[in-house]
Amino acid sequence: MRITCPHCGNRSLDEFIYLGDATVQRPDPARPDALAAFVDYVYQRENPVGRHRELWYHNAGCHAWLVVTRDVRTHEIFGVEPAKEVSLSEKTTGAAR
Amino acid sequence: MANRTLELRSAVPELSRNSRIGRQDGPARLVVSEMTGLSVVSIAARKGQSGSLQGAVKKLFKIELPNTPRRVEAGGVAFLWAGPDQWIAITDMAVHPDFDRELVAKLGKFASFTDQGDARTLIRVSGPASREVIATGVPLDLHPRAFQPDDVALTHASHIAVTIWQIDEEPTFVFAVARGFARSFWHWLSDSGSVHGIEVSPGT
Amino acid sequence: MTLPPGSSRMSKGGQIDRSTPVDFSFDGRSYQGFAGDTLASALLANNVRLIGRSFKYHRPRGLIAAGSEEPNGIVELRSDARREPNTRATMIELYQGLEAESQNRWPSLDFDLLSINSFLSPFLTAGFYYKTFMWPAALWEKLYEPIIRRAAGLGKASGLDDPDHYEKSTLFCDVLVIGSGPAGLMAARAAARSGARVVLAEEDSALGGRLLGDQRIIDGLSSAEWAAKMAAELEAEPDVRILRRTAVFGVYDGGTYGALERVSDHLAEPHHHAPRQRLWRIVAKRAVLAAVAIERPLVFGNNDRPGIMLAGAVRTYLHRFGVASGSNAIVFVNNDDAASTVSELAAAGVSVAALVDPRPVVSPVVEALAKKAGIRVISGGSVERALGSKSVSGAEIRLQDGNLLTLPCDLIAMSGGWNPSVHLTTHLNGRPVWNSSIAAFVPGAVPPGMAVAGSASGALSLADAITMGDSLGQDAAIAAGFKAKKSALPSVEPESTAIQPLWRVVNARGKSFVDFQNDVSVLDIELAEREGFRSVEHLKRYTTLGMATDQGKTANVNGLALMAEFAAKAIENVGTTVMRPPFSPVAIGAFGGHHREKNFKPTRLPPSHEWAVEQGAVFVEAGYWLRAQYYPKPGEKDWLETVTREVKAARSSVGVCDVSTLGKIDIQGADAAEFLERVYINGWKNLAIGRARYGLMLREDGIVMDDGTTTRLGEDHFFMTTTTANAAKVMQHLEFCHQWLWPDLDVQMISATEQWAQFSLAGPHVRDVLLKLVDPEHDISNAAFPYMAAGEITVCGGTRARLYRLSFSGELAFEIGVPSRHGDALIRKIMEAGAEYGITPYGTEALGVMRIEKGHVAGAELNGISTAGDLGLGRMMSIKKDYIGRVLAGRPALVDPNRPVVVGFRPVDRKRRIRAGAHFIRQGLEAAAQNDEGYMTSVAFSPSIGHWIGLGFLARGPERMGEIIRACDPIRGEEYLVEVVSPIFYDPEGEKLRG
Amino acid sequence: MANDRFSIFKVISEALGGHKGWQPMWREPEPKPAYDVIIVGGGGHGLAAAYYLAKVYGVKNIAVVEKGWIGSGNVGRNTTIIRSNYLLPGNVPFYELSMKLWEGLEQDFNYNAMISQRGIINLFHSDAQRDAYVRRGNAMRLHGVDAELLDAAGVKKHLPFLNFTNNRFPIQGGLRQARGGTVRHDAVAWGYARGADAQGVDIIQSCEVTGIRTEKGRAVGIETTRGYIGAKKIGLACAGNSSRVASMAGLNLPIESHVLQAFVSEGIKPFIDTVVTFGAGHFYISQSDKGGLVFGGDLDGYNSYAQRGNLPTIEDVCEGGMALMPAIGRVRLLRHWGGIMDMSMDGSPIIDKTPIDGLYLNAGWCYGGFKATPASGFCFAHLLAKDEMHSVGTAYRLDRFATGHTIDEKGVGAQPNLH
């Protein structure tokens, strides 16, 4: 598999480290049901068969965290975005992940 | 040079003397030397200050800080892209012994600076076999159509994180390798290059 | 050049170099071949037909094929450490002095005792072992399994370290062409002419594919000449890279192809410094698969006898190697393509007894060929049984009228049609589809970026291969961003590839083999069907069809067709098994490349390494780092004596240790303090500039991730240290927190681990030593530079340095950092300066002893399941802020008061050695799991206290001070009593480190 | 029921009679309208559960539905190792029960699965690793499980050709479990299927579940490609696809699907007489009774349902192999493939009821599933029959992530690809 880092270009899989689902969002620790929300955030996964938005770290490259959209059946990659920009825009627009 | 009162030591003793390694007949097809005597500083733009930093650098050094993996050089200082809003600056230690402080003084408002002059070993590789040898460790397309002088890449070589850039069309490549790994890097390079014959010249 | 008597070498012809004879041996006998031969062709030329024994029945076997699909002709090549079991004779280029031996036979190939299995074959059908060997139970392990295992495998591995080396490399191109037959050559030329960067990979040593083994005319040239001309043309293109002896074995995601180049396998040994083989990772924008098709054997009685060969292979041996595979042939084929074998054999002077064609109506092509060559055609007939044992001696042919005809022969050239090599198209889960017009599977969905040309696509004629290769080569270049240029196509005469499938000869007598190497016969497939193993995967797993070293290249389609017949299904409804890479087997060493033995992983050396080597240090791996473990002195009897001396020196005078391996991260920015607040459990905003603080960070699940000290160098500048082991993980975590969780913070992080050579100096005389090094303008007195102070200084007359008043050892201690290039010089200066105090270098072992004496937790306690509370650090958890891990650290199980907590232990018998890994059981209770209350994590002999001490986790530990419990170490056969004590054994008030 | 009892007489008489008399190993029944228990997933765990449910717990009306062919999941594509050398109290008794069941399995289901207790050795390369293995070995011993500590010389006796002299991470010793070993993996599925069929269990292949029907919070049946089938109880044992099937009932699980690759070499004469794992790289290896070296390493590391992996992991595994035993350099890799792992968040399995009445879950086996097959089947059968967990598996609760009672053998936290 090859991932096109938006900063570094098209690179081999072994430059990257995988974290997991990018659609879960760290809950507000002050909310009353924080414990349940954190359990969901840390442990529960949709694990879809198909498109998956996921976090990767360009470990052997620019050290950017990336949001990769990928089909987990075919490994086809539809898009790669810098996680920082995704996060910032989600924070401004308040969009749910 | 008041701040370098202690002796400097290379991380790769094998690169400190002239030698011919591997295949002995014919001209060496790989030429390797360590680049010593350099100051290297990491630059990371402060939040929202990337534009101001670039402006200030332009004013001071007459160059545009690259926003893509490229290297620019002016007045004896080279700036290499090192990640989003990050660069490394390289210059002659004899001229800029406290380069990090110099940069903090001039640009401290816009960026954070970290001295890296001792963190990395810089190794220059050239010769007709250089692309072929490098390909045994570096998973990048270094064909002249794909990688040209002043192109920079952050990647790995034989399991070791490196920054690689090309400085001329001969071609000559430079590797910046974490100092602790430099000797393993050399082991790989010399193993892979032996079949072509390697000429080692001491650091410059 | 005269040929030895008995040779099957033709007097002329072939692409071998008759001026270069090559000596070789097989099973100890010497033979001669020519440069350009394979071991297979040279053996055939020397009339050696019996080459191996089959896996299960040990039946005599000879060559069937001429390429990598060969199932029978496999040998052990070379000797001693270079011995290569299961090597296909068809793929070995002959070199001077080559040694090969047959395998899977005893005592000899000619007389193999295990061929008795052939007579036992009624018992050895598919799956026989699942039904047997169960009675009595005890005998399986003692008797049956050892026997089965002894029969396992084919060749023998050397058992010695592989002396050759392997290389791995990455290659990028616009268009990868796989295979250099007519389609591949045309595709490569078309793509190259457009300006694309082309890689042409060919498994064989020469370009041409079947052009080399067939006799066709292209543009007036012989097919081999035309291939050579095309090869020369491609060689001249600057951006074409031709990889000969290179098999593309696998397709991976993202346009990545795995290929193996046999760099030196055609030599007796690799040239000095050269690799034996090279593993290529080819990254291609587009690929054209132009692999050959593989000819199918026909399934009839005793179809495995040596001398029964694929018709295409017979032609290849004839035309490429100048070898006649026999002197009196029967050609048994069901398709027009293979019929040319009769005329070509006849032209070469081989007598052909008959052309047997099961098709009831003779095709005009076959008729014409046979007539021209004057050969008898038996249409509507089939070979029911081959005669002979170690070599075929005749054939029983059932004629269309029902009569049986026996003809003598020493060669049966068979062809059941061609199977396109669809393997690579299936590696990304594409499934091939059935094409009834050629009676074979052709590619279905292909990997992204791949196109399939020529016979691999099912277009079996030469003309189609040329046209398709050219057009797909152009398409590939266009898709890769180039403009195609049209070229004139070479001209060839038309041909017929008509076929009528024959999956087995129904009334065959004798075993009819489908998978030769694994001895899977028609009967096995029938039995599998009867027992319900009807899915193709069940068929494969139950009968082992297609699981031999050839992965069923000649067997699978016949096997599927037979299952279809027995299950009364259409072949396309039986399905195909998934074809797994590699296409042809690849030496494990090639995947390892440079990274074996010592070079498995890079070694990371701290700045004082050379110096430590000079001191005679013993080193230890700490992750990738190599650290000095201890520094033995002459006369010391063991490590314990050395370490004890080192600890005593540090405690009584002064010691020095390289601690450069700690992770170091420069954290800057206006929000740096806020950032630390969020990643550490304790507070940071109130840390003064010039002060350091111990910090603990959790994972989000509330478990401890790492610890270390962080220093505030400026208002917006912190310098974090991490444990050696977790440096990279912490950096990654911090980047995650910043880039993903809190991108709005103004914080920058740079790893500075390698920038600083850092030495810990500890002991009562430490300040005396430092005063000689630290430049006088810096006051390092206790008042000016108290415990946990930190700052930038200069040493040795102006070298920039950082000084930290930190103590892992519990002594009065400082850590001093200089830029790494000075690390070597500084350790020498430190040793000089400390000489008068007997300064003693100490390694990780003494460091460990001192930290255990102080009750500091380290790797053994930060084990990934301990909480801050488990480490006795629960009070550090701030209640004034949120931080990573806070919420989940509050889960019931993580705050359970019964959790094991770190406490100290000392042996009741003070002379006794205690050991890590022992479990704690209350006195009076059984040493059993239900009474397990924790375990010892770290132990040391404490020179300061004079006996062994330990740290460990114990349930409710802090409440149990003074309790005597059992330390049970059954795996070492030990058990002893220990007393629960405070984990701080040494200087509990911390007076020394503050002094 | 369809199949025969295998005996030496039967084998001889069939051999002499041309094998015409063998019966199918299992029937191919049409699904009935309803069953007492339906098990979704005809893999090792599902078939074993059905077998024990019928044989031990006396449940008679059982179906196993399988979307493809039985044994097509992880039981058909693993590296065949069995062992019970676990560390944590939640795991050891369970895997030891499994080991005990393995030891009597062939006689129990009258099918030779070639269980071979040739031993397993986990190598260690540092003092810290040794201490961790001692702790583990002691935990095993305290649970009554066999464990033996070897020094380097002791390892050399079992594995003389390992690289003892020039290893990047020198071999200091190993933890050995003599009762560990290998099993012919496909035969496990076939043996259980045959045994279950003999007990009247309907094994329905090519029957894919497309929905789980619930009424008033209770699962009442499954929609399949072969129609609706009613059930009093439904057990999910479809590792690799647990999330997908559970989502049909609206459940999110603490599970990700990952790809794990496995490798087999060409057959060679017996060479490696035990199972060995490299403690400083991602590599473990054994040799099959047919002669192939069977080896593997770590996960590729990303979510995947593709049943195939990529080159970096293949290289990583072989680098580990060449670091540990450079004697295999010239042995050729014959095949590599990938399986879908049901990776749970703490690396340990789940056998529990779900929030939906009548729906039971057996999932999250990571790559420990094969060795667990008998115990998993047994415990799942117990749960399905008695509505309560068998005593050896009580830690495998679904709510343990909320309570913090996770079972994290590796201590890496909630990141499935690190387990």
Side-chain angles (χ1 to χ4, degrees), chain C residues 84-86 122-123 125 130-134 137 145 148-149 152-154 156-157 159-162 252-253 258 527 530-532 535 537-538 541 549 580 585-589 591-592 595-598 600-601 621 699 701 703 863-865 891-894 916-917 919 928-929 932 935 970-971, chain D residues 6 11 15 19 22 24-26 69 89 106-107 111-112 116 128 131 134-135 137-138 141-143 147 149 161 163 166 168-169 186-187 266-271 289-291 310-311 314-315 318-319 321-323 326-335 337 403-405 408 411-414:
Chain C
E84 290 156 38
N86 307 336
F123 296 94
T125 50
Y130 304 123
K131 299 168 187 159
T132 55
F133 303 125
M134 286 180 281
E145 199 206 6
I148 291 178
R149 292 200 80 196
L154 293 161
K156 278 196 295 287
L160 302 169
D161 292 0
D162 188 348
Y252 302 92
D253 290 312
L527 181 63
R530 190 172 300 141
E531 295 192 291
S535 125
E537 285 285 345
H538 282 159
R541 290 152 190 262
T549 64
R580 302 291 187 185
V586 177
I588 293 170
F591 283 109
H595 302 286
R596 54 186 278 188
E597 293 148 320
K598 277 283 183 217
F600 170 48
K601 297 286 181 196
E621 289 76 18
R699 304 189 306 234
D701 66 356
I703 300 295
N863 58 8
I865 55 174
R891 285 179 289 169
L894 273 63
H919 287 238
D932 191 349
Y935 64 100
I971 201 166
Chain D
F6 296 140
V11 170
H19 298 281
W22 293 116
M25 298 269 182
W26 48 83
W69 38 280
E106 294 163 328
Q107 310 303 317
Y111 200 71
N112 188 352
S116 169
D131 292 349
V134 168
R135 178 192 166 201
N138 282 334
R141 295 282 283 261
L142 293 175
H143 278 96
L149 188 68
F161 49 82
N163 175 11
N166 192 32
R168 172 72 179 80
F169 301 100
D186 290 319
E266 295 182 347
I268 51 172
K269 293 290 175 196
F271 173 59
D289 279 347
K290 199 163 168 283
N310 274 292
L311 269 176
I314 302 166
E315 293 181 41
C318 293
E319 287 172 8
M322 289 301 287
I328 61 171
R330 301 175 98 84
V331 176
R332 296 184 198 88
L333 172 67
L334 179 61
R335 267 197 316 278
W337 65 94
T403 62
H405 291 96
D408 187 352
V412 295

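Lettering follows sequence order; numbering is per chain, from 1.
Residue contact with chain D, scored on non-hydrogen atoms closer than 4.5 Å, is absent for Ile703(C). Contacts of Glu145(C) with chain D are made by side-chain atoms alone, with heavy-atom separations under 4.5 Å and no backbone atom involved. In this structure, chain C has heavy atoms under 4.5 Å from both the backbone and the side chain of Glu266(D). Heavy atoms closer than 4.5 Å to chain C are found in both the backbone and the side chain of Tyr111(D). With a 4.5 Å cut-off on non-hydrogen atoms, Val412(D) touches chain C through its backbone but not through its side chain. In this structure, the portions of Ala147(D) lying under 4.5 Å from any heavy atom of chain C include both its backbone and its side chain. With a 4.5 angstrom heavy-atom cutoff, Asp186(D) touches chain C only via side-chain atoms.
How far CG of Asn166(D) is from CG of Asp161(C): 8.5 Å, rounded to the nearest 0.5 Å. We find the CG-CZ distance between Asp162(C) and Arg330(D) to be 4.5 Å, quoted to the nearest 0.5 Å.
Minimum heavy-atom separation, Arg891(C) to Thr403(D): CB-O, 3.7 Å. Heavy-atom minimum distance, Pro970(C) versus Leu142(D): CG-CD2, 4.4 Å. Summarising the geometry of Pro85(C) relative to Ile268(D), their closest heavy-atom pair is CG-CG2, 3.8 Å, with the distance given to 0.1 Å. The two atoms that bring Ile971(C) and Gly137(D) nearest to each other are CD1-CA, 3.7 Å, heavy atoms only. The shortest heavy-atom contact between Lys269(D) and Lys156(C) is CG-CG, 3.6 Å. Looking at every heavy atom in both residues, Gly291(D) comes nearest to Ala152(C) through N-CB, 3.7 Å.
When Leu894(C), Leu154(C), Asp701(C) are compared by the number of non-hydrogen pairs under 4.5 Å with chain D, Leu154(C) comes out ahead. Listed options Tyr130(C), Tyr252(C), Phe591(C) were ranked by heavy-atom pairs under 4.5 angstrom with chain D; first place goes to Tyr130(C). Heavy-atom pairs under 4.5 Å with chain D peak, among Val586(C), Thr125(C), Ile865(C), at Val586(C). The greatest number of non-hydrogen atom pairs below 4.5 Å with chain D, out of Gly532(C), Pro585(C), Gly589(C), is found for Pro585(C).
In this structure the side chain of Met322(D) never reaches within 4.5 angstrom of the side chain of Phe600(C), judged on heavy atoms. Glu621(C) places a side-chain heavy atom less than 4.5 Å from the side chain of Arg168(D). Residues Asn138(D) and Tyr935(C) are not in side-chain contact: their nearest non-hydrogen atoms beyond the backbone lie 4.5 Å or more apart.
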### Message
With side chain to side chain contact (heavy atoms under 4.5 Å, CB included) as the criterion, how do Trp69(D) and Arg541(C) come out once you've worked through the C-alpha distance, each side chain's angles and the decisive distance to 0.1 Å?
### Response
CA-CA 12 Å; Trp69(D) 38 280; Arg541(C) 290 152 190 262; 3.7 Å; yes

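The backbone N or O of Gly267(D) lies less than 3.5 Å from a partner atom in the side chain of Asn86(C), making a donor-acceptor pair. Not a single donor-acceptor pair under 3.5 Å links the side chain of His405(D) to the backbone N or O of Pro892(C). Here the side chain of Asp253(C) pairs no donor or acceptor atom with the backbone of Asn310(D) at under 3.5 angstrom. Under a 3.5 Å cut-off, the side chain of Arg530(C) and the backbone N or O of His19(D) do form a donor-acceptor pair.
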